[in-house]
Structures are given as C-alpha cells and as structure tokens.
Amino acid sequence: MSVSVTPAAVPVRAAKGLVLTIGCLLVILPFLAVVSTSLADQQQVTAAGGYVLWPDNPSLEAYRALFSGGVVTRAVFVSVAITLVGTTLSLACTTLLAYGLSRPGSYGSKPILLLVLFSLLFAPGIIPMYLTVKQLGLLNSYWSLILPMLINAFNVIVMRAFFLDLPQELLDSAKIDGAGEIAILTRIVLPLSKAIMAVIGLFYAVGYWNSFFSALLYITENEKYPLSLVLRTFVVNNATIGTGDSGTALPQQSLQMAMLVVSILPILFVYPFLQKHFAKGIMIGAVKG
Amino acid sequence: MPRTGRRRLRRDWLLVACALPGLGALLVFHYIPLLGHVIAFKDYQPYVGIADSPWVGLDNFQVIFTGDPAFLNALTNTLVISLLQLFFVFPLPIAVALMLNSLTSERFKRLVQSVLYLPHFMSWVIVVAIFQHMLGNAGLLNSFLQHHDLGSFNLIGNPAMFKELIVAQVIWKDTGWGTILFLAAISRIDLALYEAAAVDGASRLRQLWHVTLPGIRSVIILLAILRLGDVLNVGFEQIILQQQAVGPDASEVLDTYVFNNAVGAGVWGASAAAGLVKGIIGVVLVLAANKVAHLFGERGVYQK
C-alpha cells in the first residue's frame, strides 16, 4: 500500500501505536509477573504483598520443590507421555487418512470425505462422549485422554489440501515407474510435506498438552491427574501445595507461579516454530476447505 | 457396476487401508456417540445400559422445558454471554486487523502479531489461573492498589461481574488469533483498487470504507455465520473452572448444566435432552444463517 504521511495523519498513527502497545503490554505483563514471582524469594514476595514484577534474588527453589518427586512431578510425567504418544498416533492417522483422501478417484474417498466434513457440523456432546468412553472401559485409563482426540477433522482437511497442492505429475510419474502407493507416500509425499507435518504435529501436541476437558471427564483418580488437573487443584482452586520434605516453607505464590510456568514453558518453546508456519497452514485450510 | 467397484477396491485397497485407522477413530468417537443421543428419549439407568433402559418418549424434554428452572437459567445465561460476545468479542479482531494492516513499520507489525497470538495457545486452565492471580482479591492488581491506598478491585469471584469476566478472558485469549483470517483476506485485496481510489481523491479513511471493508465482507459474513452456529457454545472449560467461586445462578450455562446434572447429579435423561436440543439448535442456526447469506448473494459456508 502506498505510504504518504501527511501531518494530519500523525496523531492517528500515534494513537494506533499506543493502542497496540497497550494491547501487547496486557499480554506480556501477566506473563512477566508469573515468571518473576516464581523466581522470587520469600522475603520479596511477602514485602511486595504477594507478587513481584522483577525478582531481586532469582532462585529456582520453587522449581526444585515441585520436581522433588511429588504430585507435580508425576503430573508432568503423565502430560509429557500423553503428548508424545498422542501426537505420534494422531499425526500418523491424520496423514494416512488425508493421503488416502487425496489420491484422485480412490475407492470410497467421496463418502469418507463427507463423513470427515460432516463431523465438523455436529459435535457429539458431553454425555454421549462420556457414555462411549465409559462403555469402552476407558474411564481412568490414559487412553481416554488420547483416543477421543485422535483425529481432528479440520487437520485432516488442511493436510489433504496440502497433498492435493503437491505437483501431481511427480506422483503420476512415480506411479508409471512402478512405485506403489506406500512408496509414493514415503519417498515423495512425506519428504515434500515436512512443513505441514510440523504444523499439524504441533497443533496436536499443543492440544494434548493443554487438554483439560477429557481429563476432567474421564479421570477421577487423583494419582492419574495430568498437569492441567493438578493446575486446577492447586492454582485455580488454591489448595495448599505440600512442600514435601524440603522443610523450608516456600511462599505459596512462588510455587503456584512456578507450576504455571511449567505448564506454559513447552508452548513457549515451540511457539516461534509454530508461528512461522501456522498462518500458511490455516490459509490452505481456509481457501481449499 | 459391482464388478468395476470390486476391481477398483482391489486396485485401491492399500489407500483404503491407509484411511481405516483415522476413519475408525472418527466413527467410534464421533459417529457412535451421536447415537448415544437416544438416551434423551429414555430413562437411562447406568447399571441397565443404554439398550435396556425404558423408552419414555418426550418426557425428558418436557422436564427441562417446564419443570426445571435451572435449565431455563442456564439457557438465559448462555444467551446473554453469547450476545455479549457477539457485540464485544466479534468486532475486535476486525478492528485490530485493520489497525495492523495500516501500520507502516513491518517490524512493529510482526512484533505485535507475535505477542497477541500467544495467549491462544494457552489452555483455559492457564488463562483462568493467570486472571485469578492478576485480578483476584489477593492478586497483583489488588495488592498494588491496596499498597498505594487506591481502594480495591475484585473481578474474580464476583457473581455480578461474572459475565464481564468471561468476555474479558475471551478477548484476552483470542483477539490476536482472530485477526489472522481478516489479515489474510485484506492481503488478497487488489492493490489497484487502492490506487484507483487514491486517484479519485479518496482519503485513507475513505479507502478503508470503500475498498478494505467491502473486500473482507465475505470473510466477515462467513465468520459471523460460524459464530451464530456457536451461539449456544460458550466455553465449557472456561466456565466450569470458575463456577465454584460464583455459584450456579450467575454461571450455569447449557454445557455446565448438562455436565453437572448428568455426571455430577446422575440425572442422565434430562441432561441428554438438553444436550440434544443445544446441538440441534446449533445446526439449524448455521443452516439458516447460511441461507440468509445466500439471499444476500454471499458464498456462506458452503455453496448451494
């Protein structure tokens, strides 16, 4: 767009900059306070009345307490395992389904595609889902945190659109050269699809890592709680966290904020990577879907 | 026909096999649960099972619509929150996208986008926890205000402010994310249109009004339609996490009503009926809104 700055436009530009800067601060400040408080020591937290925006003597004491083998340690382990297993399975199933649907004129692809699309329109609802999981005997099983979320129809559609966008002549010539469908998938399609695999994989991973709804519904035994439920118990509902055998009583705020940081950190790690790709991924889905 | 079908199956059996695991998951965890809605017409007893529970016709629907003030309360709360979101949450990403688009510094634009997108990737547990610890009674803002004798401000755990709180959280979490589609739509507008408008003497504001907004009209309509289908979905996770603090009068919505009433209190049939009513209304609204979009010459979610 052409840019011509007339004097009259200056206040408008300043106002825009200000509004957007305030918006950013509203996002950044809470995160800063959370991280700082988790690193602050007892004295500073007490003196500041509960929360600090900048720690004077940063210490990892709160994190040490959390990872000394208590509830939180176990929950982190559960969440990491669910995320790894779930993401792997989801990505594999999504890729295979999307690939099967992307090959022109393949048997049954039309009705299957309709099934995928229609599932976006009408969600099953809480009770039927709960009863299905119960009937399958999955209550309180870690599989209840994975299987119901295994396939996301939107991701299937996005990935199929990506596969359809690949140069089809390449696939056809491979076929003429005698490559089977599996060889085409593993030798040609997958190497060309690293970007979309990364995006969809990260979407699934974030979903599993953050999942709360299924844990709340299907997991009732405290010792099987993933991180999201532990977070609810100790940070949202403010139950007191036992500090274990460390003896030194840490300020509850520091422990709670440390727990929040532990839940946020993995997302912050993958975020730059995610951000690079997601806009493109979503666009494909929006345009072609 | 059957012979070519069989031949095609023999040719494509590997592709079909590829689709099976995903398709299976979809059937078991999407389509079979849809059948579970039949318990809305039954007096479901967990120990008897779905098949053997007695049919009761429309009794469950009668119960929720005539005999259960809690359901009507949940319905009202849902609609109020939804309307608030339609007016305060829906337009914001459009405004922010327009602002972002008009920025001259590409660097600043990137920075703002990165920051504003971030909360979308946080779960509701994290968002609710952050809000509590920033705006709650013993939170950052309150301790700051009290420290400087500036009074107090408690947004959390206040039934009168619950709906505002919900809306504020949605805005914080998803405004940035919501801009993506509008920015994409804006970027697809033909630049020649702006040049032509400028030649005709249109100011930046007139260009916004006559070129940009019409250019993203169809996306706005599309998202409005999808939003309409979600009118009865107002964030189960978000609300159930905060229900304890304010009580059901202010906070019960349809999803939490269904959950609390069934899994909590064991009233399965009526809860399932409520869930079914909610689902059907959602689908009907999307189809109707889409029809209206067609009447106005827009594409809508799908074509005719």
Side-chain angles (χ1 to χ4, degrees), chain A residues 1-3 16 19-20 23-24 26-28 30 33-34 49-51 93-94 96-97 99-101 103 106-108 112 115-116 119 121-132 147-148 150-151 156 181-182 206 210 212-213 228 231-232 235-236 260 263-264 267 271 275 279 282-283 286, chain B residues 8-9 12 14-16 18-19 21-23 25-26 29-30 32-34 36-37 50 99 102-104 112 114-119 121-126 128-130 132 134 138 140 143 147 172 180-181 184 191 194 198 236-237 241 244 255 258-259 262-263 268 271-272 275 279 283 286:
Chain A
M1 212 185 293
S2 66
V3 180
K16 262 189 315 214
V19 168
L20 291 175
C24 288
L26 286 178
V27 172
I28 293 174
V34 166
Y51 299 86
C93 289
T94 305
L96 288 172
L97 180 54
Y99 180 67
L101 290 176
R103 301 298 283 136
S106 70
Y107 184 83
I112 296 177
L115 279 177
V116 173
S119 74
L121 194 61
F122 201 92
I126 296 167
I127 296 181
M129 277 309 277
Y130 177 83
L131 291 178
T132 308
L147 295 178
L150 193 67
I151 280 284
V156 175
E181 290 293 348
I182 299 299
V206 170
N210 280 337
F212 171 76
F213 178 82
S228 57
L231 204 62
R232 179 192 64 154
V235 182
V236 176
L260 257 176
S263 326
I264 294 173
I267 296 173
Y271 182 63
Q275 221 217 331
I282 285 186
M283 292 282 294
Chain B
R8 281 179 59 210
L9 181 58
D12 291 338
L14 254 176
L15 284 173
V16 175
C18 277
L23 183 65
L26 200 64
F29 292 102
H30 198 97
I32 290 182
L34 284 182
H37 278 299
I50 295 177
M99 269 197 262
S102 67
L103 287 180
T104 45
V112 174
S114 303
V115 172
L116 292 186
Y117 290 168
L118 183 61
F121 294 100
M122 305 295 149
S123 64
W124 273 115
V125 189
I126 294 174
V128 167
I130 288 178
Q132 277 192 358
M134 296 303 117
L140 179 75
S143 57
H147 203 77
W172 188 80
I180 289 184
L181 280 175
L191 287 182
Y194 288 103
F236 173 78
E237 294 189 2
L241 274 163
Q244 236 177 12
D255 278 335
V258 168
F259 174 76
V263 182
W268 292 94
S271 310
V283 175
V286 172

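Just so it is clear, the values below take in all heavy atoms, side chains as well, and ignore hydrogens, waters and symmetry mates. Chain naming here is simple, since letters A, B, ... match the order of the sequence lines and numbering starts at 1 in each.
With rounding to the nearest 0.5 angstrom, the CG atom of Asp255(B) is 4.5 Å from the CD1 atom of Ile126(A). Residue Leu23(B) holds its CG atom at 12.5 Å from CG of Leu96(A), rounded to the nearest 0.5 Å. The CG atom of Leu150(A) lies 8.5 Å from the CZ atom of Phe29(B); values are rounded to the nearest 0.5 Å. Atom OG of Ser123(B) sits about 8.5 Å away from atom CZ of Phe212(A), to the nearest 0.5 Å. Distance CG/Leu15(B) to OH/Tyr107(A): 13.0 Å, rounded to 0.5 Å.
Remark: Glu181(A) engages Arg103(A), Lys175(A) in a salt bridge (Lys or Arg N to Asp or Glu O under 4.0 Å) (not counting sequence neighbours). Annotation: side chain to side chain contact (heavy atoms under 4.5 Å, CB included) contacts of Pro21(B) (sequence neighbours excluded): Cys93(A).
No donor-acceptor pair under 3.5 Å is formed between the side chain of His37(B) and the backbone N or O of Pro128(A). With hydrogens and angles disregarded, no donor-acceptor distance shorter than 3.5 Å links the side chain of Tyr99(A) to the backbone of Cys18(B). Without hydrogens or angle criteria, Asn210(A) side chain to Phe121(B) main chain gives a donor-acceptor distance under 3.5 Å.
For Val156(A), no part lies near chain B; criterion is any non-hydrogen pair under 4.5 Å. Of the atoms belonging to Val263(B), it is side-chain heavy atoms, and not backbone ones, that fall under 4.5 Å from chain A. Residue Val16(B) touches chain A through its side chain alone, counting heavy-atom pairs closer than 4.5 Å. With a threshold of 4.5 angstrom between heavy atoms, Leu131(A) approaches chain B through side-chain atoms but not through N, CA, C or O. Contacts of Val206(A) with chain B are made by side-chain atoms alone, with heavy-atom separations under 4.5 Å and no backbone atom involved. Using a 4.5 Å cut-off between heavy atoms, Ser228(A) touches chain B through backbone and side chain atoms alike. Looking at Met134(B), the atoms closer than 4.5 Å to chain A (heavy atoms on both sides) all sit in the side chain, from C-beta outward. Looking at Ile267(A), the atoms closer than 4.5 Å to chain B (heavy atoms on both sides) all sit in the side chain, from C-beta outward. In this structure, the portions of Ile126(B) lying under 4.5 Å from any heavy atom of chain A include both its backbone and its side chain. Heavy-atom distances place both the backbone and the side chain of Leu231(A) under 4.5 Å from chain B.
Between Trp268(B) and Tyr130(A), the ring-plane angle classifies as parallel under the 30° and 60° cut-offs.
Chosen from Val34(A), Val19(A), Leu147(A), Val116(A), the residue pairing most often with chain B at heavy-atom distances under 4.5 Å is Leu147(A). Chain B forms the most heavy-atom pairs under 4.5 Å with one residue out of Gly100(A), Gly125(A), Pro124(A), and that residue is Pro124(A). By number of non-hydrogen pairs under 4.5 angstrom with chain A, the leading residue of Leu103(B), Leu241(B), Val258(B), Val128(B) is Leu241(B). Options Leu118(B), Ile50(B), Leu14(B), Val112(B) differ in how many heavy-atom pairs under 4.5 Å they form with chain A, and the most are formed by Leu118(B).
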Problem set entry | Worked check of side-chain contact (heavy atoms from CB on, under 4.5 Å) between Ile151(A) and His30(B) | CA-CA 10 Å; Ile151(A) 280 284; His30(B) 198 97; over 6 Å; no

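When all heavy atoms of Val115(B) and Val27(A) are compared, the pair lying nearest together is O-CG1, 3.6 Å. Heavy-atom minimum distance, Ile130(B) versus Pro30(A): CG2-CB, 3.6 Å. Across Ala272(B) and Ile127(A), no two heavy atoms sit closer than the pair N-CD1, 3.5 Å. Taking both residues in full, the closest heavy atoms of Ala129(B) and Val235(A) are given as CB-CG1, 3.6 Å, listed atom of the first, atom of the second, then distance.
Taking 4.5 Å as the limit, every side-chain heavy atom of Trp124(B) sits out of range of all side-chain heavy atoms of Phe213(A).
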